[in-house]
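Data block below; observations after.
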Amino acid sequence: MHPLLNIATQAARNAGNIIVRSLDRVNHLEITEKGRNDFVSDVDRFAEQEIIRTIHKAYPHHNILAEEGGEQTGHNNKEEVTWIIDPLDGTTNFLHGFPQFSISIGITYQGQLQHGLVYDPLRQEIFTASKGSGAFLNDRRVRVSKQQGLEGALLGTGFPFKKQHYLDTYLTTFKALFPHVSDIRRPGSAALDLAYVASGRLDGFWEMDLAPWDIAAGILLIREAGGFVTDFAGDHNYFTTGNVIAGTPSVHKEIYQIIYPLLE
Ligand code: IPD
Ligand code: CA
Ligand code: CA
């Protein structure tokens, strides 16, 4: 395993322990609403601090872009490695004791994704990828499913619960896709949804308005597992638009063909 991924794994496991230990006291946590339906607890903050501490112990100068702390650059301005971190993806699930959440860590070099890790601390499943080296679940190589097209496909998605002005547009995409597929899931952790596409548990996925920390690791996982990821226009501007279509090559293509004309 690449040394950077090794540190990412340690960081994610430490954060996972903090999160899982807190699960039985979710009703007593200090919770703040950052925006409508956008909650943060001390657990999100502690998990993030632990991840950054682990990274900076090994790499004091690396840049950090983390959900709860925003951008914290290292001391060396020439540093070209950035860690993109969601310390707890699926906070709404976590706060309800609904057992589906993850930790997501993506690593870029000169702006290009090089490594990605998504960790499910409850199932102890760790999804990792390094550019050019494939995608793994624990120590086993994973690939996207063999699903051809939407007929029979199981898709994942996310609802725009924090940005409800997107609801009509989102429902248009849902209504257009639903008749073509086997079924649709809304598990509640976008990073884990993308890891599930990479490991063949979902055949495709789409969601609007995601943040870089939701998707950085998952995008690399899917690419390394033989799948495709784009924004709704079929481009790679997902870090700016936040819109994501992912899937096996043909599932991705059919989702795109249905969604794109709706948004013009
Ligand atoms: C959220 C989850 C959810 C997705 C939201 C994200 P958070 O992240 O990934 O599945 O639908 O758009 O914001 O707030 O739990 O880290
Ligand atoms: Ca998130
Ligand atoms: Ca989060």
Side-chain angles (χ1 to χ4, degrees), residues 11-12 15-16 18-20 22-23 26 29-52 64-72 83-106 116-122 127 155-167 169-171 173-174 184-198 201-202 204-219 221-222 229 231-232 238-246:
I18 292 174
I19 294 166
V20 171
S22 312
L23 243 193
V26 284
L29 294 176
E30 185 91 10
I31 297 165
T32 323
E33 193 170 7
K34 290 189 283 181
R36 171 148 167 75
N37 283 337
D38 193 0
F39 299 99
V40 60
S41 73
D42 284 346
V43 176
D44 300 63
R45 295 196 193 91
F46 292 152
E48 182 171 298
Q49 284 162 13
E50 177 56 27
I51 293 169
I52 295 173
I64 304 283
L65 176 65
E67 177 171 15
E68 310 308 343
E71 192 154 9
Q72 304 115 11
W83 297 63
I84 305 175
I85 300 160
D86 193 332
L88 173 49
D89 186 54
T91 294
T92 304
N93 281 346
F94 171 77
L95 291 176
H96 289 261
F98 188 99
Q100 180 78 0
F101 41 79
S102 65
I103 293 141
S104 177
I105 302 177
L117 172 154
V118 177
Y119 178 49
D120 174 344
L122 290 175
F127 300 85
L155 301 188
T157 189
F159 304 142
F161 68 114
K162 295 179 192 171
K163 302 269 182 70
Q164 298 199 0
H165 55 277
Y166 288 129
L167 185 60
T169 313
Y170 172 75
L171 289 177
T173 64
F174 187 96
I184 297 177
R185 299 282 178 266
R186 196 295 188 238
S189 163
L192 209 47
D193 297 342
L194 294 172
Y196 279 19
V197 173
R201 293 173 178 173
L202 290 169
F205 170 84
W206 88 104
E207 183 164 348
M208 300 177 70
D209 198 43
L210 289 164
W213 40 79
D214 299 320
I215 57 178
I219 287 170
L221 280 164
I222 293 176
V229 187
D231 58 22
F232 288 1
Y238 23 66
F239 287 135
T240 40
T241 66
N243 300 333
V244 172
I245 299 173

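Counting starts at 1 for both ligands and their atoms, following the listed order. Quick note: residue numbers are just sequence positions, from 1.
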* **Test item, Phe161 contacting ligand 1 (heavy atom, 4.0 angstrom)** => yes
* Is any side-chain heavy atom of Leu29 less than 4.5 Å from a side-chain heavy atom of Phe94? -> yes
* Does any N or O atom in Gly188 lie less than 3.5 angstrom from one in ligand 1, N or O only? -> yes
* To do: Let me see the working for Asn93 and Ser189 under side chain to side chain donor-acceptor pair (under 3.5 Å), right down to the final yes or no.
  => CA-CA 8 Å; Asn93 281 346; Ser189 163; over 6 Å; no
* **side-chain contact (heavy atoms from CB on, under 4.5 Å) between Phe101 and Leu23, worked out** => CA-CA 11 Å; Phe101 41 79; Leu23 243 193; 4.1 Å; yes
* To do: Sequence neighbours left out, what passes ring pair (Phe, Tyr, Trp, His ring centres under 6.0 Å) with Tyr238? Give chain and number order.
  => His236
* **Asp209 and ligand 1 - part of the residue with a heavy-atom distance under 4.0 Å** => neither
* Asked: Quick one: does Ala191 get an N or O within less than 3.5 Å of an N or O on ligand 1?
  -> no
* Asked: For Glu33, does the CD atom sit with more than 12 other heavy atoms under 6.0 Å from it, leaving out its own atoms?
  -> yes
* Under the side-chain contact (heavy atoms from CB on, under 4.5 Å) rule, what do Arg45 and Thr32 come out as? Steps first, then yes or no, please. => CA-CA 11 Å; Arg45 295 196 193 91; Thr32 323; 3.3 Å; yes
* Asp44 heavy atom under 4.0 Å from ligand 1 -> no
* Nearest-option assignment for atom 13 (O) of ligand 1, heavy atoms, candidates Lys162, Gln100, Arg186, Glu207 -> Lys162
* Do Tyr196 and Phe205 touch side chain to side chain, with heavy atoms closer than 4.5 Å? -> no
* To do: Using a strict cut-off of 4.0 Å, indicate which atoms of ligand 1 neighbour a heavy atom of Gly90.
  => 7 (P), 15 (O), 16 (O)
* How long is the span from the OG1 atom in Thr92 to the NZ atom in Lys162, to the nearest 0.5 Å? -> 6.5 Å
* Asked: Can you tell me how far CG of Leu155 sits from CZ of Arg186, rounded to the nearest 0.5 angstrom?
  -> 14.5 Å
* Asked: Could you state the interatomic distance from CZ (Phe239) to CD1 (Ile215), rounded to the nearest 0.5 Å?
  -> 5.0 Å
* Structure fact -> Contact region, Leu88 to ligand 1, non-hydrogen atoms below 4.0 Å, reads backbone
* Provide the protein N, O or S atoms situated under 3.0 Å from the Ca ion (ligand 3); waters are not included. => Glu67 OE1, Asp86 OD1, Leu88 O
* Parallel, tilted or perpendicular: which fits the ring planes of Phe159 and Tyr170, with parallel below 30° and perpendicular above 60°? -> perpendicular
* **Smallest separation among heavy atoms of Ser104 and Val118, with atom names** => OG-CG2, 4.2 Å
* Give the minimum heavy-atom separation between Leu192 and Ser102, together with the two atoms involved. => N-OG, 3.9 Å
* Atom indices of ligand 1 within 4.0 angstrom of Asp86 heavy atoms, with elements -> 16 (O)
* Those atoms of ligand 1 less than 4.0 Å from some heavy atom in Leu210 -> 12 (O)
* Taking only heavy atoms of Glu67, which atoms of ligand 1 are found under 4.0 Å from at least one of them? -> 16 (O)
* Atoms in ligand 1 flagged as close to Thr91, the criterion being non-hydrogen separation under 4.0 Å -> 15 (O)
* Which ligand 1 atoms does Asp89 reach within 4.0 Å, using its non-hydrogen atoms? -> 1 (C), 2 (C), 7 (P), 8 (O), 9 (O), 15 (O), 16 (O)
* Does Thr92, backbone or side chain, put an N or O under 3.5 Å from an N or O of ligand 1? -> no
